[in-house]
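Note on naming: letters A, B, ... go to the chains in the order of the sequence lines (proteins, then strands), and numbering restarts at 1 for each one. Nothing here was measured: the structure is a model prediction, and the numbers come from that model. All values below were derived from every heavy atom in this structure, side-chain atoms included, with hydrogens, water molecules and symmetry-related copies excluded.
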Amino acid sequence: MKRLRMVPNLITCNTLLNSLGSTPSTRSSDLCKELLNDALKIGFKPNVNTFNILMRGYCLEHKFENAIELLNTMQDFDCQPDNVSYNTLLNALCKKGQLNKVRDLLLDMKSRGLTPNRNTYNILVDGYCKMGWLKDAAQVIEVMTHNGLLPNIWTYNILIHGLCNKGRIDEALKLRDEMEGLKLCPDVVTYNTLINGCFQINRSSDAFKLLEEMKGKGLKPVEVTHNVVLKWYCKEGKMREASDALRIMEEDNLSPDCMTFNTLINAYCKAGNLAEVFKMMNKMGCKGLKMDTVSLNTFLHSLCQERRLAEAYELLTTASKRGYVVDEVSYGTLIVGYFKDENADRAIKLWDEMKEKNIIPSIFTYNSLIGGLCKIGKTEQAIGKLNELLENGLVPNEITYNSIIHGFCWEGNIERAFHFHNKMLENSFKPDIFTCNILLRGLCREQMLEKALKLFDTWISKGKVLDSVTYNTLIGALCREGRLEDALGLVAEMQEKKLGPDSYTYNALTGAFVDAGREDQVEELISKLTDRGIALQQVIEIKKGDVISESSDYLDPSSILYSEQITDLCTEGRFKDAMQLFGEFIQKGIAIQKSAYIALISGLIKRRKSIRSAHVLQWFFELKEAHSIIASSL
DNA sequence: GTAGGGTTAG
């Protein structure tokens, strides 16, 4: 530009800011701010777009305070916020569930004489749908229509998504029909949403039917469509099909993306197949795809599950240096990990660390902390956190309330549990199956079995949907009281409703039979079980318990030696050598241990260090260069 | 606007 004697203008600056701010990486919004300051020094006059771009950057990093501050300083530069400014902020706030800020902002918007446009309404509809408040969402649409703005395809897709998330697929399908009547053609997004919705409630044949229907209408499946199907295979544990789906995707000339790989990595992690995890991560790298926050969090979770808290913590605290954006999920994952490891102090400390880093927790992460506190008998402290989140304008959900009810029950304070439950009922809290089971278990623990049975009967007569946990809770309690015949009565009832019996039921029953000196009947029970092959397998697994998980790492002695070599190299940071050694072992057909795979996977994650820092530096260079060009051309 | 990571009960 300089050579051509062209002067960079506002558009140059905005474009630069846009590309810099829209890639969420560490400190990208800070870099934007720096760039703007530099530009201001040179005498640039920002326009409303400049500010909107910066606000979007802040929102991407959930720095709402900064974004709002920017909104209020625009006037100093002769700019007035427009609908885009407000919509940007509203959208981000809705996504984080910060409803009180949304309300304030809408009032603020009104006071400036701006009227919500269709995007604004759609953002609000989405916000309510994400909270699961479909009635409120419908109300927004009414207001919208009243103000002369008709719902468009986005509005419908948002609503369909909201219904699918609640498992109300049939209503979602009706909306699709309604769309067609209004000549708003359902598009790829509509179908992806519906297909995903069907899978979520295990209606896979409907999902595949929709996939065919979609193709029949000339709508070509896109990456998301494939990712949805692949996710279903993963959920079903059909990893063969999942990896086939990956291949098919490539054959269809669609490129698998981070989502695709993260889905697979997560599934392999959960299956304990670290060899495949490693393979997938490697493949990602070969395709030029960078691992992101989700990949990181998946692995953090995996480490926590393995109770390798020290390694998880190390990874968490060094991740941002490696160019990863650490988020509330990363922290939440470790907080749960520490609570499960009975290290509540570290969990709470981590929460404070997160806050110090200005990472804003959503209700999800609050629930992790509250749940942990309740499990260690610190319900009072948990209520303190509940109040805190309310003050922050977050809305608690069923999980929040259930955790606290569980906390009271666990402390043996049944009265307070019910009292809290009743008070929450007045606050639009809808008890779910978890609530029922928690209360039931609470009563049973406190020797109030009669009350529990009575409550159960009222639920039955009200036609409430109960599950196997409900039955097992009562069966277990009856067994402990030696009321075997009553327990067997419930087993029969459970069987009638096709809810079991399952391994929990059998464990309760066998224990009770043995205690009653009726070992012979245990035999009978076991033989009944043999007809239900899977259940027996489960019982055996539960009996063996920890032994299985401990020994799953067992391999022959030589492989232990080889594995140690790999681990050692990784610890020394000699990742390349470790990889080479690994390659040799694979060729020789030597299997390596889980721990060695973990070392290799960490290596892959850590390797991002060089890539990322080079990346950031490059940005910086370009930035400085842009600056000098701007400066010298003036 | 759709797809990936984490939170509640036996």
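With B:dA3, B:dG6, B:dT8 as the candidates, the nucleotide lying closest to the side chain of A:N402 is B:dT8. In the set B:dA3, B:dA9, B:dG6, B:dA3 carries the atom at the smallest distance from any side-chain atom of A:M259. Set against B:dT8, B:dT7, B:dA3, the side chain of A:K375 has B:dT8 as its closest nucleotide. The side chain of A:T365 has B:dG6 as its nearest neighbour among B:dA9, B:dG6, B:dA3. The side chain of A:H161 sits closest to B:dA3 out of B:dG6, B:dA9, B:dA3. Comparing B:dT8, B:dA3, B:dG6 against the side chain of A:H301 picks out B:dG6 as the nearest. Comparing B:dT7, B:dA9, B:dA3 by their nearest atom to the side chain of A:V224 picks out B:dA3. Nearest to the side chain of A:I399, among B:dT7, B:dG6, B:dA9, sits B:dT7. The side chain of A:E328 has B:dG6 as its nearest neighbour among B:dA3, B:dG6, B:dA9.
Scored by the ring-ring contact (aromatic ring centres under 6.0 Å, His included) test, A:F418 finds no partners at all (sequence neighbours excluded). A search for salt bridge (Lys or Arg N to Asp or Glu O under 4.0 Å) contacts involving A:K174 returns nothing, not counting sequence neighbours. Residues passing the salt bridge (Lys or Arg N to Asp or Glu O under 4.0 Å) test with A:K130, sequence neighbours excluded: A:D126. Residues passing the salt bridge (Lys or Arg N to Asp or Glu O under 4.0 Å) test with A:R168 are A:E171, sequence neighbours excluded. Residues satisfying the salt bridge (Lys or Arg N to Asp or Glu O under 4.0 Å) criterion with A:D341, sequence neighbours excluded, are A:R307.
Nucleic acid contact class of A:D467 (heavy atoms, under 4.0 Å, all strands): base. Within 4.0 Å (heavy atoms only), A:K235 reaches no atom of the nucleic acid at all.
Between the side chain of A:S330 and the base of B:dG6 there is no donor-acceptor pair of N/O atoms closer than 3.5 Å.
A salt bridge is defined here as a Lys NZ or Arg NE, NH1 or NH2 lying under 4.0 Å from an Asp or Glu carboxylate O, and A:K209 with A:E212 fails to meet this definition.
At a non-hydrogen distance threshold of 4.0 Å, A:T193, A:N196 from residues 193-201 of chain A come into contact with DNA chain B.
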